[in-house]
Amino acid sequence: MNILKFPFTKFSPDDIPRPWLPVIVTNPHTKKEIKIYGLIDTGADECALPAQFAPLLGHDLQSGYPKEINTGNGKTLAYSHTICLTIDEFMVKNVLIDFMPNLNVPLLGVKSFLSNFLLIIDYPDFAFSLESKTK
């Protein structure tokens, strides 16, 4: 899968254009899915979703694997649950994703997502490209 020169997105006129990617998040156990925009975040070790997405996908937030993680705002508690991420025909299957009560936006981080791609961020042209590197 290759996504070339995907434009940055602004969700309101006052927004700064950012590298948002439309993805489908699926719970492999319930088959429930949501379509969202995830922020490409090279500073995030893991992918993370706001806690309010857990029940939409059929997950009981607090029944997930609890862990304390460090964020830019300090330490916080996250609950990991299994999901699948789909972009076009590309799918990352059955990965643990952190659902975080204090998170407001979905983050597409390095370990379970960005590590599959060559990522090019073109800030002057407000665009990014992802080239699949999985074999």
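Here the structure is a predicted model, which is why all the values come from computation and not from measurement.
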**OP:** Can you establish whether the number of heavy atoms outside Phe11 located under 6.0 Å from its atom CZ is more than 12?
**Re:**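 Above 12, so yes.
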Subject >> Residue pairs passing the ring pair (Phe, Tyr, Trp, His ring centres under 6.0 Å) test where at least one lies in residues 66-86, sequence neighbours excluded >> reply: His59-His81, His81-Phe99
Original post:
side chain to side chain donor-acceptor pair (under 3.5 Å) with Lys5: which residues, sequence neighbours excluded?
Top reply: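 So Lys5 forms a side chain to side chain donor-acceptor pair (under 3.5 Å) with Asp122.
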Identify the two heavy atoms, one from [X] and one from [Y], that lie closest to each other, and give their separation to 0.1 Å.
{"X": "Ile3", "Y": "Ile87", "result": "CD1-CG2, 3.5 Å"}
{"X": "Val23", "Y": "Leu108", "result": "CG1-CD1, 4.1 Å"}
{"X": "Gly109", "Y": "Cys47", "result": "N-SG, 3.4 Å"}

Subject >> Residue pairs fulfilling side-chain hydrogen bond (donor to acceptor under 3.5 Å, both in side chains) with at least one residue in residues 12-24, sequence neighbours excluded >> reply: none
**OP:** Kindly state each residue pair satisfying side-chain hydrogen bond (donor to acceptor under 3.5 Å, both in side chains) with at least one member in residues 87-108, sequence neighbours excluded.
**Re:** Lys67-Asp98, Thr76-Asn102, Ser80-Asp98
Looking at side-chain heavy atoms only, is the closest gap between [X] and [Y] below 4.5 Å?
{"X": "Leu49", "Y": "Ile36", "result": "yes"}
{"X": "Phe8", "Y": "Ile121", "result": "yes"}
{"X": "Leu119", "Y": "Ile40", "result": "yes"}

Subject >> Partner set under ring-ring contact (aromatic ring centres under 6.0 Å, His included) for Phe128, not counting sequence neighbours >> reply: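 Testing Phe128 for ring-ring contact (aromatic ring centres under 6.0 Å, His included), a comparison that skips the adjacent residues, returns Phe6.
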Original post:
Side chain of Asp41, backbone of Gly43: donor and acceptor closer than 3.5 Å?
Top reply: yes
Subject >> Residues that Lys75 engages under salt bridge (Lys or Arg N to Asp or Glu O under 4.0 Å), provided they are two or more places apart >> reply: Glu68
